[in-house]
Amino acid sequence: MLYFIEVVLPLAVAKTFTYQVSEAEFDYVQIGMRVAVPFGKTKIYTALVLSKHHNLPQLYQPKEIHQILDDKPIVNDIQIKHWEWIASYYMCSLGEVFRLALPTGFVLESETIISSSKDEVNRDEVRDDEFLILEALENNSSITVNDVIKILGKKTVLPVLNKMLSNRLIVLQEEIKESYKPKLVRYVKLHDEFSNQERLSELLEILNNAKKQRELVLQYFQLVAVEKKPISVKDLLEYSNVSNAVLKALVDKEIFEEYYLSQDRVSFDDKDEDYTIHLSKAQQVAFNEIKEGFLNSNVTLLHGVTASGKTEIYIKLIEEYIQEDKQVLFLLPEIALTTQLVQRLTDYFGNQVSVFHSKYTNNERIEVWNRLLDNSEHAKVVIGVRSALFLPFSNLGLIVVDEEHEPTFKQQDPAPRYHARDAAIVLAKQHDAKVLLGSATPSLETYFNVTKGKYQLVTLTERYGNVVLPEIELVDIKDKYFRKRMSGHFSDVLLENITETLAKNEQVILFQNRRGFSSFLECLTCGHVPHCPSCDVSLTYYKFKNHLKCHYCGYTMAVPLHCHSCNSVDLSTKGFGTEQVEEELKQLFPDKKIGRMDQDTTKGKFGYERIIDAFKNQEFDVLVGTQMLAKGLHFDNVTLVGILNADNLLNQPNFRAYERAFQLLTQVAGRAGRKEKKGKVIIQTFNPYHNTLQQVLSNNFVGMYKEQIYDRFNFKYPPYYRLIKITLKHRDFEKLKEGSLWMYNVLKQQLNLPVLGPEEPAVNRIRNEYIRTIMIKIPVEAHLGKTKKTIQKVLNSFDAVAQYRSIKYAVNVDFY
Ligand code: ADP
Ligand code: ZN
Ligand code: ZN
């Protein structure tokens, strides 16, 4: 009898692969375990076992695996099913989902680059293999897994590397790139084995002969009793006044266990017993409605105005699920996942909370993964960004998707280009769990599902604690310019309000949806605008750094002194960004502290947090920022929000422009006056009578919805039509033009649907690759599965055309 396993490789190939195993391996291996497998002539990959069988493949002679990497599955059946759904719905390979889903350290392959961790290593403690690898890393800053195979002279190197990774002897190259290295703190705890009373007495008995060790264990207990939180090695040694050697002896005997946490995560004290939440009457009503809603539908939308106290409702609801011993996933857009929010949840749930952030290191991600695998008490509630969807939940009861309207829930690149809210709803179904979507400005898609009765709706129209919604004033800057009432980009009205607010020691947020100093540099003589040499965009002017920068590829050049086209020195800047707002403010309010939050100032792991915390602590009086400011941040002392130019939000070439403008403006406005003090919002615009601005002014979400949904219907856009966008790229303009036209024509022929394109996008070249797009519009009534199959067939035949093979393309289902 022959023994085979079917595996998925972390690659963009549609099929699974068959490998041969021995009878013993066949008995041992389980679905969801990883195996190291050879692939091609020289490659090694980490693959995931999908099934076991006895069927010899017809087309190829299967290779043997190198080895089994796990002693228990690290991926469960529900995950595999969910990933299969994602692959099929978003038209990518299961391998691509697998690759994205697992922390990189879990999927080592021959090309994975490893580096020394730079942590101190005690050479006496490492094993021979490890020693050789560390030695190689002393001579080279990094090596690949393939190099390790050569160094050790064997193919079976992944377990050694996995172990070294988890012991932090090595790290993956990608982590090195991160400029901010979280400080790691060494902790100790008693081995789980001694958690029960009997084993503990036994232990103390044994240690009777090792006085110092016994003493240390006792001191540990005393410290736990006072501290009620994880015990760091440093604290323990200080408290007990015992040497490190004693501790080491206990670790060697596996009585104590050491572990590392990065410093930002250690504040997860035990639950704060005094912290209780009393819902207001309106919150209580909403809470009850949500629970009732769940009796009729798996998905409920909580539409609550900004600062209505949605988070408190989530917390109360989450509590009920964990009391029933269910797991809860709390999904947030990246930026909203700040210490503020984590703190609120951990105050309430203590160390039952795990956080999953894309900026966490590989090891931290693996740690959360393992907690879930063990169904740990510390992962009852997982707060995370969109990729937290891929964690090994086994028993989900509830998924909360906060700020569900946020476009960043949709992954753009690489595949899978999934929408986390939508994928969450599918995941919940697979767990028989409920989904609560929350937003002050729901997406049209979600609200549409409400009107169709697919989702339940619960509304909260008042802010918590009698705080009133801010007063919004539109300022017509066309008129202000005409009357010369502008100082730089500030109208007299905005300036007066800023002055008043600052005089009361309250804070101000100013929103401008562009970064840099100005959008571009223009020659006043000939009109020449400097462009990026590799992309089809003008360069953004940065005054402070005195350079021009490409926002697509990062190219920079010094600001020219004269025009490169006509030599004129009459150069002027056009448009304005956050840097310029900041500079004008500094001149207008020289004695005030101004902060800035945009992509340029928030690099690094805790870039956002640093600025948010500083503003919260009132280290700045005014914070200038881009749309980053709009995402669920809470600043009690902000009473004025100014929007410098609403028009560039409205004038986006995108069918969602008005919806997005409404959401952004309402959300930014919602940052004003969140405590007792009434907030004020000033929106500067050239078009004060624009419908969308009027809807923001009167807080008329339903009005916005009705107007926009009507347009969506007329112009064949979501939610009436699903969009599939195919983006093609090539360095050769002619080849791309020809290839995309070929694809368009065949799609058009095969599909009885609107196919648009092939279009040159507004930015038609990035990093020297030309771009064309094709858009397919599929009415929701049409059979989506069949349509996708047809599209896939067309793509396959495209792949088969020799001269187009080098054209790269990406398929984006439910393009955003
Ligand atoms: P939202 O998420 O709806 O914008 P939050 O949940 O952040 O609003 O609530 C706004 C503010 O009101 C927060 O400072 C929050 O702590 C406070 N708050 C809301 N509900 C309660 C409650 N039931 N008890 C105490 N404070 C509350
Ligand atoms: Zn010129
Ligand atoms: Zn560029």
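We count ligands from 1, going down the list as the structure has it; atoms in each ligand are counted the same way. Side-chain atoms are counted along with the backbone in the values below, which use heavy atoms only and exclude waters and symmetry mates.
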Trainee: Using only atom types and a distance under 3.5 Å, with no angle test, would you say the side chain of Gln283 pairs donor to acceptor with the backbone of Gly309?
Mentor: yes
Trainee: How many degrees, to 10°, between Cys523 SG and Cys563 SG as seen from the Zn ion (ligand 2)?
Mentor: 110°
Trainee: Just distances here: any N/O of Thr306 and N/O of ligand 1 closer than 3.5 Å?
Mentor: no
Trainee: If you take the nearest heavy atom of each of Tyr314, Phe635, Tyr464, which one is closest to atom 25 (C) of ligand 1?
Mentor: Tyr464
Trainee: Is there a polar contact, in the sense of an N or O pair closer than 3.5 Å, between Ala307 and ligand 1?
Mentor: yes
Trainee: Using 2.8 Å as a strict upper limit, say whether an N, O or S atom of Cys550 approaches the Zn ion (ligand 3) that closely.
Mentor: yes
Trainee: By the definition side-chain contact (heavy atoms from CB on, under 4.5 Å), identify the one residue from Leu332, Ile318, Val328, Val400 that meets it with Ile383.
Mentor: Leu332
Trainee: Under a plain distance cut-off of 3.5 Å, with no hydrogens placed, do Ser534 and Arg765 share a side-chain donor-acceptor pair?
Mentor: no
Trainee: Distance under 4.0 Å to a non-hydrogen atom of Leu279: what atoms of ligand 1 satisfy this?
Mentor: 23 (N)
Trainee: In this structure, which one of Asn298, Thr300, Ile425 forms a side-chain contact (heavy atoms from CB on, under 4.5 Å) with Tyr455?
Mentor: Ile425
Trainee: Counting backbone and side-chain atoms alike, is an N, O or S atom of Cys566 positioned under 2.8 Å from the Zn ion (ligand 2)?
Mentor: yes
Trainee: Nearest 10°: the angle subtended at the Zn ion (ligand 3) by Cys553 SG and Cys532 SG?
Mentor: 110°
Trainee: Considering all protein heavy atoms, does one lie under 4.0 Å from atom 11 (C) of ligand 1?
Mentor: no
Trainee: Answer yes or no: does an N/O atom from Glu312 fall short of 3.5 Å to an N/O atom of ligand 1?
Mentor: yes
Trainee: Taking Ser308 for its side chain and Val305 for its backbone only, find out whether a donor-acceptor pair lies under 3.5 Å.
Mentor: yes
Trainee: Just so I know, are the side chains of Glu403 and Thr408 near enough to count as touching, which here means a heavy-atom distance under 4.5 Å?
Mentor: no
Trainee: Under 4.0 Å, heavy-atom basis, I'd like to know which part of Thr311 is in contact with ligand 1: side chain, backbone, both or neither.
Mentor: both
Trainee: Scan side-chain atoms only and decide if Ser443 and Arg421 contain a donor-acceptor pair under the 3.5 Å cut-off.
Mentor: yes
Trainee: Among all protein non-hydrogen atoms, which one is nearest to atom 7 (O) of ligand 1, and what is the separation to 0.1 Å?
Mentor: His634 CE1, 2.6 Å
Trainee: What distance separates Gln580 CD from Gln512 CD, expressed to the nearest 0.5 Å?
Mentor: 9.0 Å
Trainee: Out of Gly304, Gly465, Gly670, Gly309, whose heavy atom sits nearest atom 8 (O) of ligand 1?
Mentor: Gly309
Trainee: Relative to ligand 1, is Arg463 under 4.0 angstrom through side chain, backbone, both or neither, heavy atoms considered?
Mentor: neither
Trainee: Going by side chain to side chain donor-acceptor pair (under 3.5 Å), Asn288 matches just one of Lys291, Glu292, Gln284. Which one?
Mentor: Gln284
Trainee: For Gln283, counting its heavy atoms only, list the atoms of ligand 1 lying under 4.0 Å from any of them.
Mentor: 19 (C), 20 (N), 21 (C), 22 (C), 23 (N)
Trainee: With a 4.0 Å cut-off on N to O distance, would you call Lys543 and Glu579 a salt bridge?
Mentor: no
Trainee: Among His278, Arg344, Lys316, Gln284, which one puts a heavy atom closest to atom 13 (C) of ligand 1?
Mentor: Arg344
